[in-house]
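FYI, side chains are in, hydrogens and waters are out, and symmetry mates aren't considered; it's all heavy atoms of this structure. Predicted, not measured: the structure shown is a model, and the values here were computed from it.
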Amino acid sequence: LSLVPVLRGYWGNKVGLPHTVPSKVTGKSGSVRMRLIPAPRGTGLVASRASKRVLQYAGVEDVYTATRGATSTMGNFIKATFEAIKNTYSYNCPAFWEQPDLLAKKMPQQEFTDWLRD
């Protein structure tokens, strides 16, 4: 397995360390679709034995899972779990947004006065 970053988040309020996935994420491999759903603190990993092991390696403590497809194919099942974990970084959440310094920027009229004068 290659190393991928795992984004963890909270369920409810932001008390303590992140313990679950930040939002609902889905991974797909073959016909298997794995959906990871955030869970409250103390829930644990509500998953099958194979996907529970992958989620433990990723450092996720509390999560619900939902699967569809032929989950008896263990290779695709584990790959779908890995894809779902990898997809935690695939969306742009507000924590990653650039915060512009509004006081450092000039007003548009002041910024382009030299250009408008010519």
Counting only pairs under 3.5 Å, give me each side-chain donor-acceptor contact of residues 29-45, with atom names and distances, residues two or more places apart or in other chains.
unit_1: Ser29; atom_1: OG; unit_2: Asn76; atom_2: OD1; d: 3.4
unit_1: Ser31; atom_1: OG; unit_2: Ala70; atom_2: N; d: 3.3
unit_1: Arg41; atom_1: NH2; unit_2: Val15; atom_2: O; d: 2.6
unit_1: Arg41; atom_1: NH2; unit_2: Leu17; atom_2: O; d: 3.1
unit_1: Thr43; atom_1: OG1; unit_2: Pro40; atom_2: O; d: 2.8

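Note on Val54 and Val21: same hydrophobic cluster, where clusters join Ile, Leu, Val, Met, Phe, Trp and Tyr whose side-chain heavy atoms are under 4.5 Å apart, directly or indirectly. Both Phe77 and Val63 belong to a common hydrophobic cluster when Ile, Leu, Val, Met, Phe, Trp and Tyr are linked at side-chain heavy-atom distances under 4.5 angstrom. Note: the hydrophobic cluster containing Ile78 also contains Val60 (ILVMFWY, side chain heavy atoms under 4.5 Å, direct or indirect links).
Annotation: side chain of Arg53 is in contact with side chain of Gln56 (closest heavy-atom distance under 4.5 Å). You'll find the side chain of Thr65 stays beyond 4.5 Å of the side chain of Val46, heavy atoms only.
In terms of heavy-atom proximity, Ala47 sits nearest to Lys52 at O-CE, 3.6 Å. Considering every non-hydrogen atom in both Tyr89 and Val6, the closest pair reads CE1-C, 3.8 Å. Taking each heavy atom of Gly27 and Asn87 in turn, the nearest pair found is CA-ND2, 4.1 Å. Scanning both residues, Pro5 and Thr88, for their nearest heavy atoms gives O-OG1, 4.2 Å.
A distance of 10.5 Å separates CH2 in Trp11 from CG in Asp62, rounded to the nearest 0.5 Å. In this structure, OG1 on Thr73 lies 9.5 Å from NZ on Lys79, to the nearest 0.5 angstrom. From Leu55, atom CG reaches atom CZ of Phe82 across 11.5 Å, with rounding to the nearest 0.5 Å.
Remark: Glu83 pairs with Lys86 by the side-chain hydrogen bond (donor to acceptor under 3.5 Å, both in side chains) rule, at least two apart or across chains.
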